[in-house]
Amino acid sequence: MKYNRIPLVAGNWKMYKTPAEAKQFARLLREKAQGLGGVEVIVCPPFPALPAVATELAGSRIGWGAQNMHWAPEGAYTGEVSGPMLQALGCRYVILGHSERRRHFGETDEQIRQKLEAALTYGLRPIFCLGEDLSIREAGGAEAFCRRQLQAGLSGLGTINPADLVVAYEPVWAIGTGKTATPADAVAVIKALREELADLQNEAVAGQVRFLYGGSVKPELIGSFMQEEEIDGVLVGGASLNVDSFTAIIRGAAEVRGQRD
Ligand code: PGA
């Protein structure tokens with residue numbers, strides 16, 4: 001059975017851009033991305049820039065999301081932001097389980113599982129990030145490790161609407177380092193993850209959920225990733241901060257996708 005998964009290009013701005021810078025970027029992106037069809041595009045700014053981005057992108061094809069959220073709808077959690085708050089800003093997506101959150105803020109698999117559950121409950125689509133570090137890759141354990149992260153994040157979630165979940169395979173050693181996994185490496189892990197998802201959910205869900213690659217994606221590499229049937233898009237950090245490189249990535253994805261359809 002052939003599934004039609006719409007490619008997704010998502011920009012993770014991390015802790016960059018003031019509201020004014022974000023607004024300017026969103027305005028330019030809206031202009032430059034015109035006519036680049038067949039690919040879904042979103043940007044994930046830092047929280048304070050979300051309202052400005054939402055205003056600039058309202059009514060366009062480009063969506064926006066957040067980079068994190070708490071699992072509770074509200075409560076005494078100083079410094080945190082909840083799903084319903086993000087939903088009220090028109091966020092469609094939320095990045096969860098990013099390796100920088102796991103590493104610098106000690107996020108555990110169990111917390112990420114609770115966040116995934118909350119995002120789905122409050123109408124946000126999680127972009128669930130997972131990936132191995134270099135020692136695991138060198139020891140040949142990447143696929144098994146990523147399968148375990150997927151299982152930990154999705155355990156107990158019940159049947160998922162496949163349109164609501166995106167999984168981003170982001171090998172830790174490739175994030176912000178300039179080292180990119182080869183498309184073949186990414187395909188091997190994503191295939192293993194799809195198998196795991198079929199076990200956890202069912203074949204139809206596994207066939208329809210979109211799997212992205214992330215880690216030092218650049219305009220010159222996008223074609224080689226998007227040519228792979230298994231890879232449904234990219235999560236872009238550094239190269240999403242510049243409107244020209246981000247647009248070049250969207251264009252590259254749209255070109256390949258156009259040929260494939
Ligand atoms: P990078 O970041 O593209 O700068 O490697 C990717 C990410 O952190 O999502």
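One-based numbering, in listed order, for ligands and for the atoms of each. Side-chain atoms are counted along with the backbone in the values below, which use heavy atoms only and exclude waters and symmetry mates. Residue numbers run from 1 in the order of the sequence given.
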*Asks:* Could you tell me which atoms of ligand 1, counted from 1 in the order shown, lie closer than 4.0 angstrom to a heavy atom of His98?
*Replies:* 7 (C), 8 (O), 9 (O)
*Asks:* Pull out every atom of ligand 1 sitting under 4.0 Å from any heavy atom of Gly176, numbered as shown with elements.
*Replies:*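 Result: 1 (P), 4 (O), 5 (O).
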*Asks:* Evaluate the salt bridge (Lys or Arg N to Asp or Glu O under 4.0 Å) criterion for residues Glu230 and Lys191: first the C-alpha distance (whole Å), next the side-chain angles of each, then the deciding distance (0.1 Å), finally the verdict.
*Replies:* CA-CA 7 Å; Glu230 280 295 329; Lys191 275 198 170 143; 5.3 Å; no
*Asks:* Does any N/O atom on Val236 come nearer than 3.5 Å to any N/O atom on ligand 1?
*Replies:*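 There is no such contact.
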*Asks:* Can I get a per-line list of side-chain donor-acceptor pairs under 3.5 Å for residues 39-58, giving both atom names and the distance, sequence neighbours left out?
*Replies:*
unit_1: Glu40; atom_1: OE1; unit_2: Tyr93; atom_2: OH; d: 3.3
unit_1: Glu40; atom_1: OE1; unit_2: Arg210; atom_2: NH1; d: 2.8
unit_1: Glu40; atom_1: OE1; unit_2: Arg210; atom_2: NH2; d: 3.3
unit_1: Glu40; atom_1: OE2; unit_2: Tyr93; atom_2: OH; d: 2.7
unit_1: Thr55; atom_1: OG1; unit_2: Pro51; atom_2: O; d: 2.9
unit_1: Glu56; atom_1: OE2; unit_2: Lys23; atom_2: NZ; d: 3.1

*Asks:* For Leu235, take its heavy atoms, then give the atoms of ligand 1 lying under 4.0 Å from any of them.
*Replies:*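 What qualifies from ligand 1 is 9 (O).
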*Asks:* Assigning hydrophobic clusters by single linkage (Ile, Leu, Val, Met, Phe, Trp, Tyr; side-chain heavy-atom cutoff under 4.5 Å), is Leu197 placed with Leu130?
*Replies:*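 Yes, Leu197 and Leu130 fall within the same hydrophobic cluster.
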*Asks:* Specify the protein heavy atom at minimum distance from atom 3 (O) of ligand 1: its residue, its atom name, and the distance to 0.1 Å.
*Replies:* Gly237 N, 2.9 Å
*Asks:* Counting from 1, what ligand 1 atoms have a heavy atom of Ala174 closer than 4.0 Å?
*Replies:* 5 (O)
*Asks:* Using a 4.0 Å cut-off to any heavy atom of Asn12, which atoms of ligand 1 qualify?
*Replies:*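 Those of ligand 1 that fall under 4.0 Å from Asn12 are 7 (C), 8 (O), 9 (O).
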*Asks:* Which residue owns the protein heavy atom closest to atom 9 (O) of ligand 1, what's the atom, and how far is it?
*Replies:*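 The protein heavy atom lying closest is Glu170 OE2, 2.7 Å.
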*Asks:* Which atoms of ligand 1 sit under 4.0 Å from any heavy atom of Lys14?
*Replies:*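 Every atom of ligand 1 under 4.0 Å from some heavy atom of Lys14: 2 (O), 7 (C), 8 (O).
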*Asks:* Where does the angle between the aromatic ring planes of Tyr213 and Phe225 fall among parallel (under 30°), tilted (30 to 60°) and perpendicular (over 60°)?
*Replies:* parallel
*Asks:* Can you tell me how far the CZ atom of Phe128 sits from the CG atom of Leu165, to the nearest 0.5 Å?
*Replies:*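 Taking CZ in Phe128 and CG in Leu165, the distance rounds to 8.0 Å.
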*Asks:* Can you list the ligand 1 atoms lying under 4.0 Å from a non-hydrogen atom of Ser216?
*Replies:*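 With Ser216 as reference, the close atoms of ligand 1 come out as 1 (P), 3 (O), 5 (O).
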*Asks:* Note the single closest protein heavy atom to atom 4 (O) of ligand 1, along with its residue, its atom name and the distance in Å.
*Replies:*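 Looking only at protein heavy atoms, the one closest to atom 4 (O) of ligand 1 is Gly238 N, 2.8 Å.
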*Asks:* When you measure from the heavy atoms of Ser240 to every atom of ligand 1, does any distance fall below 4.0 Å?
*Replies:*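 Judged by the 4.0 Å heavy-atom criterion, Ser240 does not count as contacting ligand 1.
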*Asks:* For residues 140-150, please give each side-chain donor-acceptor pair under 3.5 Å, one per line with the distance, not counting sequence neighbours.
*Replies:*
unit_1: Arg147; atom_1: NH1; unit_2: Glu196; atom_2: OE1; d: 2.8
unit_1: Arg147; atom_1: NH2; unit_2: Glu195; atom_2: OE1; d: 2.6
unit_1: Gln149; atom_1: OE1; unit_2: Gly131; atom_2: N; d: 2.9

*Asks:* Compare all side-chain heavy atoms of Ile175 with those of Ser99 and state whether any distance is below 4.5 angstrom.
*Replies:*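 Side-chain contact under 4.5 Å: yes.
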*Asks:* Would Lys17 and Leu241 count as a side-chain contact (heavy atoms from CB on, under 4.5 Å) here? Give the steps.
*Replies:* CA-CA 8 Å; Lys17 295 194 192 295; Leu241 293 171; 4.0 Å; yes
*Asks:* Closer than 4.0 angstrom: is that true for some heavy atom of Gly215 and an atom of ligand 1?
*Replies:* yes
*Asks:* With distance as the sole test, does Lys218 use its side chain to make a donor-acceptor pair with the main-chain N or O of Ser216 at under 3.5 Å?
*Replies:*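 Yes: the side chain of Lys218 pairs with the backbone of Ser216.
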